[in-house]
There are 2 protein chains.
Amino acid sequence: MAQSARPLSKKEIREGNERLILEAAENVFAEAGFGGATMQLIADLAGLPKANLHYYFPTKEALYRQVVQNIFQDWLKAADVFDAAPGPVEGIGAYIDAKMEISRRHPAGSKVWASEVMHRAPVIQDYLETTLTEWTEGRMAVIRRWIEAGQMDAINPRHLLYMLWATTQHYADFGHQIETLNGGKPLSDAQWEAAKASVKTIILRGIGAIGNA
Amino acid sequence: MAQSARPLSKKEIREGNERLILEAAENVFAEAGFGGATMQLIADLAGLPKANLHYYFPTKEALYRQVVQNIFQDWLKAADVFDAAPGPVEGIGAYIDAKMEISRRHPAGSKVWASEVMHRAPVIQDYLETTLTEWTEGRMAVIRRWIEAGQMDAINPRHLLYMLWATTQHYADFGHQIETLNGGKPLSDAQWEAAKASVKTIILRGIGAIGNA
DNA sequence: GCATATCCTGACCGTATGGTCAAGATGAGA
DNA sequence: TCTCATCTTGACCATACGGTCAGGATATGC
């Protein structure tokens, strides 16, 4: 039963506990928002005494900031598919798939992000102004290139991006509403596939990247 | 300068103060979330002493519940355009316009709703299960009729509705992000029109309700 | 084995918050 | 004018929260 003896190294202890805390914090912040979350609840969920949290993260805000930053990183990474693609069907299609998968696997992260932005980004405003702005410009340039190459209609690239974010993140942020409207049950594998297919069909057809069925 | 004399009737006082409080509460709940909002801040914004709030609304939760209920009512009303329409171009087009207008004029309400749902609807779960479920079924039936009449492609009606909600409410809930990506300035009239047009074009073309430009 | 840096945690503290209350002010109705 | 119901509010309370700290436990490097 017992983890036969070998004591954990300091490094393993630190990494393990930080991961435990960040994971618990992400869930609690997602469920209760920054203001509604309590360090005690995060501590309980992580299985550590509250004082231990303050050993690794000096303040609630520092812990929150780390959570949001991690989410932001994952979130940007999901977009690599965009650049490598030869055209909108592959690029936007793969991006929708990737973001829907994140919404399914890590809904808490998406909710924390949404909550942060809804509250006027008190913690990560600098990221919005730098990294996200640059990322957006880059992706808009790609879309414009596709338009010029005649691979899709002359859609406003900015609003297209907003639409991609909105539709995919909706399945995480409003997951509870969707679940309730699904008779209280989470979406099945088939239903998730239907969701992805619907989003991809409407958008890709809507921007003139694919013809009628 | 002074409101020359006539004393306010009890009824006027009650209605006026309740409106003041509800308006302040909507803004504070939207900015800070339920947990982060304080009765003191709502009182200050309404220009009333805190104890007066508790005279009209016994608890913070009761006040919050009233705010969410009001939002829900406005929100459903915006959908009347749906049923009266002869087809998807008019019905969905007008619905998008109406919801975008709400996002523009009452972003706080949309944020409170989003926050409530993200936190698993602790206060209005019953509404989701009854009113919203029925409303959704009704609208899905309308969409199915349009499909059968050949007015649009055989799109999954449920996911189409989610897409409409997601895209339109995104402009309220993520308004701060959109503003930041717009150089820190709110969208101009023209930009709002472009947003509406983009959403309508992509969706209506995406579901096969209108042909290529 | 010893010294040191790191890790752990129960007990504690100041503050802010939701909510209460009692006493006074004010409009309604006769 | 007088009575009553409604409205107002400063002062107050109990609680819960974020954060601190001192002292003990544990791994590390020599």
Side-chain angles (χ1 to χ4, degrees), chain A residues 2-22 24-29 31-68 112 115 119 122-123, chain B residues 2-22 24-29 31-68 112 115 119 122-123:
Chain A
Q3 188 88 0
S4 68
R6 184 174 73 82
L8 295 165
S9 77
K10 295 288 190 197
K11 195 178 160 199
E12 286 169 326
I13 289 174
R14 174 166 282 272
E15 285 171 358
N17 283 346
E18 284 183 348
R19 202 174 43 75
L20 269 179
I21 294 168
L22 286 168
E26 182 174 302
N27 285 307
V28 173
F29 284 133
E31 290 295 318
F34 180 80
T38 72
M39 295 298 271
Q40 187 62 61
L41 193 57
I42 296 171
D44 292 347
L45 201 62
L48 295 170
K50 192 185 70 167
N52 211 348
L53 264 66
H54 282 99
Y55 173 72
Y56 288 102
F57 300 92
T59 65
K60 183 184 180 183
E61 196 174 316
L63 172 56
Y64 176 75
R65 189 177 175 89
Q66 190 61 57
V67 168
V68 178
V112 174
S115 193
H119 300 351
V123 172
Chain B
Q3 189 85 0
S4 66
R6 184 174 72 84
L8 295 166
S9 76
K10 294 288 189 196
K11 195 178 159 199
E12 286 169 325
I13 290 174
R14 173 167 283 271
E15 285 171 358
N17 283 346
E18 283 184 349
R19 202 174 43 76
L20 268 180
I21 295 168
L22 286 168
E26 183 173 302
N27 285 309
V28 173
F29 283 134
E31 288 297 316
F34 179 81
T38 72
M39 294 298 271
Q40 187 62 61
L41 194 57
I42 296 171
D44 292 348
L45 201 63
L48 295 170
K50 193 185 70 166
N52 212 347
L53 264 65
H54 282 99
Y55 173 73
Y56 288 103
F57 299 92
T59 65
K60 183 184 180 184
E61 196 173 316
L63 173 56
Y64 177 74
R65 189 178 175 88
Q66 191 61 55
V67 168
V68 178
V112 175
S115 193
H119 300 352
V123 173

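Atom OH of residue A/Y55 and atom CZ of residue A/R14 lie 5.0 Å apart, to the nearest 0.5 angstrom. To the nearest 0.5 angstrom, A/Q40 atom CD is 10.0 Å from A/I42 atom CD1. Note: A/M39 CE to A/L63 CG = 5.5 Å, rounded to the nearest 0.5 Å. In this structure, the separation between CG on B/N17 and CZ on B/F57 is 9.5 Å, given to the nearest 0.5 Å. Here the CG atom belonging to A/L53 is positioned 4.5 Å from the CD1 atom belonging to A/I21, to the nearest 0.5 angstrom. Summarising the geometry, atom CG belonging to A/D44 is positioned 10.5 Å from atom NZ belonging to A/K50; distances are rounded to the nearest 0.5 Å.
Taking each heavy atom of A/G33 and A/S115 in turn, the nearest pair found is CA-OG, 4.4 Å. Scanning all heavy atoms of the two residues, the minimum distance from A/E26 to A/V112 falls at O-CG2, 3.6 Å. Closest of all the heavy-atom pairs between B/A43 and B/P49 is CB-C, 4.1 Å. Heavy-atom minimum distance, B/A37 versus B/A32: N-CB, 3.6 Å. Pairing each heavy atom of B/P122 with each of B/H119, the nearest pair is CD-O, 3.2 Å.
Taking the side chain to side chain donor-acceptor pair (under 3.5 Å) definition, one finds that B/R65 meets it with B/D126, sequence neighbours left out. Applying the ring pair (Phe, Tyr, Trp, His ring centres under 6.0 Å) rule to A/Y64 yields the partners A/F29, A/F34; only residues at least two apart in sequence or on another chain are considered.
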> Going 5' to 3' along nucleotides 9-15 of chain D, which nucleotides have protein heavy atoms under 4.0 Å from the base (write B), which only from the sugar-phosphate (write S), and which from neither (write -)?
Replying inline: BB-----
>> Generate the contact string for nucleotides 25-30 of chain D. Rules: B means base contact, S means sugar-phosphate contact only, - means no protein heavy atom under 4.0 Å.
In response: -BSS--
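Distance CD1 (B/I21) to C1' (D/dT8): 12 Å, rounded to an integer number of Å.
Counting 5' to 3', DNA chain C first comes under 4.0 angstrom of a heavy atom of chain A and last does so at the ends given by C/dT6 to C/dG10.
In this structure, A/Y56 reaches the sugar-phosphate backbone alone: every heavy-atom distance under 4.0 Å involves primed, P, OP1 or OP2 atoms, never a base. Contact annotation for B/A37: backbone-only contact, meaning every heavy-atom pair under 4.0 Å involves sugar-phosphate atoms and none involves a base.
Within residues 60-68 of chain B, the residues approaching DNA chain C are B/K60, by heavy-atom distance under 4.0 Å.
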